[in-house]
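To start, the structure under review is shown below, and the notes come after it.
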Amino acid sequence: ALFTALGATSCTQIESRDLIREGNQHYNDGQYAEAIEAYTKSMELEPDGVIVFWNRACAAETLVLKMRGSEDAKTRRDYADMALKDFQTWLDRDPGEVEGEPVEGEEEKKSNEEIVRDHRLTVLDADGRCDDLLQYWMDKHKAAPREESWYNVIGRQYEKCGKPEKRVEWMVKRTKDFPDSVKAWHALAIERFDPLWPDPEKQLPYNEDMPSAERIQTADKVIELLDKATSLDPQFLDAYTWRSMAYTQRLFARVVVE
């Protein structure tokens, strides 16, 4: 009976590993749905596996990315749920240190937690889950409220979610929470400058659709913000470039009377 049990287990493992290899071949051939099917069958035979969850998660993630913007939101959501769940299962089962060299420009190799985090954010973004992404970054901000970089990340996420006004709110909030940050004042100035950009097709050096009085008011606000930046750091050269551009736009807004 013992030999029979061991033999059955061995056969099951062999079949499971064969299915993983089959799934890998489908994956390499770009047949991601077929790869998922093979991986799923392997899981049914050997539910305690580890690497197969990573493989199926990657296949599902690839399909989510390929279906970005697709009208078939339900199918994309199903694949996204599968990817998120499988990445987490892979991590929970402690796969050990992932082999491979760090990406160029990185000082250290990413931990498994960081790897799963990056994949999770990619899946959420491709599936258009704005609320989930915003909640993720908000939680990060609450955990480290003095980390200035979160303000940029949250602002960009709001813009991706179709709420550009919230992005500006966070830029303003950044200058209030970090009043000594030169980059905060500089970034807000560039944001305020945006309406002044001329239409390149009209070949004019200013935005003629914007009334002169409004252009002057906008340019003055930009100059005020950049004055704040240079007062904090007189060596911050980029601020002088943008301030010069703002003065130029102010000049074009002057009303000339014969």
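What you see is a predicted model; the values in this text were computed from it and never measured.
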Below 4.0 angstrom, N of the basic side chain to O of the carboxylate: do Asp177 and Arg146 qualify?
no
Do you see a donor-acceptor pair shorter than 3.5 Å between the side chains of Asn207 and Asp199?
no
Are side-chain N/O atoms of Asn152 and Ser149 paired as donor and acceptor at under 3.5 Å?
no
Any side-chain donor near an acceptor of the partner, Tyr79 and Asp127, under 3.5 Å:
no
Once you measure the plane-to-plane angle for Trp54 and Trp90, does it fall in the parallel (<30°), tilted (30-60°) or perpendicular (>60°) bin?
tilted
Short N-O contact, Glu159 and Lys163, less than 4.0 angstrom:
no
With no hydrogens and no angle check, just 3.5 Å: does a side-chain donor-acceptor pair link His141 and Glu147?
no
Carboxylate-amine/guanidinium contact Arg192 Asp220, below 4.0 Å
no
Would you call Asp92 and Lys85 a salt bridge, using N to O less than 4.0 angstrom?
no
If you compare all heavy atoms of Asp86 against all heavy atoms of Phe53, which two are closest, and at what distance to 0.1 Å?
CB-O, 3.4 Å
NZ (Lys41) and CG (Asp18) are apart, to the nearest 0.5 Å, by 13.0 Å
Pair Thr12-Glu46, side-chain donor/acceptor within less than 3.5 Å:
no
